[in-house]
Number of protein chains: 2
Amino acid sequence: MEQTQLKEALEALKETGVRITPQRHAILEYLINSMSHPTADDIYKSLEGKFPNMSVATVYNNLRVFREVGLVKELTYGDSSSRFDFITTHHYHVICDSCGKIVDFHYPGLDEVEHLASHVTGFKVGNHRMEIYGTCPDCSTKETH
Amino acid sequence: MEQTQLKEALEALKETGVRITPQRHAILEYLINSMSHPTADDIYKSLEGKFPNMSVATVYNNLRVFREVGLVKELTYGDSSSRFDFITTHHYHVICDSCGKIVDFHYPGLDEVEHLASHVTGFKVGNHRMEIYGTCPDCSTKETH
DNA sequence: TTATTAAATTGTAATGTTTATAAATAGTGT
DNA sequence: ACACTATTTATAAACATTACAATTTAATAA
Ligand SMILES: [Mn+2]
Ligand SMILES: [Mn+2]
Ligand SMILES: [Zn+2]
Ligand SMILES: [Zn+2]
């Protein structure tokens, strides 16, 4: 099924007139297979073997392209660098304050909040973001020790 | 009432053993009076007149101190620099994608989401963040033109 | 297949925000 | 007023991200 996702992603690029390069193919593949939420540097480092000459600028450029095409979501937290999530189904994230782990979390969209916000502020509301912060089971165990 | 907030803030600093300096007084005052959500640089620039020799490091240091004492909340969005909000009552933010305007928005806490997240992921949940994005009335008018 | 052309990549420099550091200064309790 | 530290200042450093120009390459059609 990852194969399907990759094919669909490449198809989406083709339809938008975005050229398919080996670098783009590899970055997409990594994003799809990665169960984590990697930073640009994570991606850069893990493709070092396959693309010894790839520039870090290429990773950033293509992540921006993927974001603009709607294939990838950029997650910006307080800490230094952005993380990237290949878009599949809508979901939220639960984040560990202690170790930074990010876990997917499914929950119906907060439509009511969006509506009220629109009503109260007069904004044309497009979307929202929500994350939940806490301590993951691993870190909880360590603390109790 | 801003006077009361300032007094209470200074009192909170005193009780935590944090010294009260003219710079801290001025930064707090600015945060309380500011109806906006300023960046560190906004604060630095607007206090230039009163403190020609103040270092930008002082602004950052003190914003961190205020955050640690619980007087100030740091807002980190995708864009370059953090914004700071003097803590009064709990509220969320509605943000304009077009001009960056940030508007306060009151809504009851999303307790149910926190509970479900905790139940599903096993996290010890502490808090959450939520923002709503869209187009503010001003920018909507301009677009329609 | 080859030629063409615009788009993408690369390498490097530049940008901008935030932090680290060490010396000078100033707030607080006595 | 004194002593003790916390704080401020000035500056350099760190770091992620972007800008730029030269080179390379993907896509298209002859
Ligand atoms: Mn995710
Ligand atoms: Mn606010
Ligand atoms: Zn953890
Ligand atoms: Zn606006």
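Since the model is a prediction, treat every value here as computed from it, not as a measurement. In what follows, every chain begins at residue 1, and chains take the letters A, B, ... in the order their sequences are listed.
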Under 4.0 angstrom between A/Thr21 side-chain N/O and C/dA8 OP1 or OP2: no
Can you tell me how far P of C/dT12 sits from CE of A/Met54, to the nearest Å? 16 Å
Under 4.0 Å: is that the gap between some side-chain N or O of A/Arg24 and OP1 or OP2 of C/dT9? yes
Please determine which of A/Gln5, A/Arg24, A/Lys50 meets the side-chain contact (heavy atoms from CB on, under 4.5 Å) test together with A/Glu29. A/Lys50
What's the closest nucleotide to the side chain of B/Gln23 if the choices are C/dT18, D/dA27, D/dT8? D/dT8
From CD of A/Glu68 across to P of C/dA8 the rounded distance in Å is 11 Å
Is the phosphate of D/dT17 approached by A/Ser82 (side-chain N or O, under 4.0 Å from OP1 or OP2)? yes
Any chance the side chains of A/Asn61 and A/Thr58 put a donor and an acceptor closer than 3.5 Å? no
Can you tell me how far P of D/dA27 sits from CG of A/Leu13, to the nearest Å? 10 Å
Name the nucleic acid region contacted by B/Pro22, choosing base, sugar-phosphate or nothing; use a 4.0 angstrom heavy-atom cut-off, strictly under. sugar-phosphate
May I have the distance from B/Phe84 (atom CZ) to C/dT18 (atom P), rounded to whole angstrom? 7 Å
Within a strict 4.5 Å, meaning less than it, do heavy atoms of the A/Leu13 and A/Leu28 side chains meet? yes
Nucleotide of C/dT18, C/dA6, D/dA19 approaching A/Arg19 most closely (side-chain heavy atoms): C/dA6
Enter the distance from B/Ile132:CD1 to B/Tyr107:OH here, rounded to the nearest 0.5 Å. 8.5 Å
Side-chain N or O of A/Thr58 closer than 4.0 Å to phosphate OP1/OP2 of C/dT10: yes
A/Val56 vs A/Asn61, nearer the 5' end of DNA chain D by closest nucleotide: A/Val56
From CG of A/Leu47 across to C1' of C/dT10 the rounded distance in Å is 16 Å
Considering only C/dT28, D/dT8, D/dT17, which nucleotide approaches the side chain of A/Ser81 most closely? D/dT17
By the 4.0 Å heavy-atom rule, please label A/Asp41 as base, sugar-phosphate, or nothing. nothing
How many Å lie between NE2 on A/His25 and P on C/dA8, as a whole number? 17 Å
Roughly how many Å is it from CG in B/Leu75 to P in C/dT17, rounded to a whole number? 17 Å
What's the closest nucleotide to the B/Ala57 side chain, out of C/dT17, D/dT9, C/dT12? D/dT9
Winner on side-chain proximity to A/Ser55, out of C/dG11, D/dT8, D/dT9, is C/dG11
Side-chain N or O of B/Tyr60 versus OP1/OP2 of C/dT19: is the shortest distance under 4.0 Å? no
Would a 4.5 Å heavy-atom cut-off, applied to side chains only, mark A/Leu110 and B/Val113 as touching? yes
Atom CG of A/Leu63 and atom P of C/dT9 are separated, to the nearest Å, by 11 Å
Name the residue closer to the 5' end of DNA chain D, choosing between B/Val65 and A/Arg64 according to the nucleotide with the nearest heavy atom. B/Val65
Does one side chain, of B/Asp104 or B/His37, offer a donor that lies under 3.5 Å from an acceptor on the other? yes
On DNA chain C, does the nearest nucleotide to A/Asn53 precede the nearest nucleotide to A/Val18 from the 5' side, or the other way round? Give the residue. A/Val18
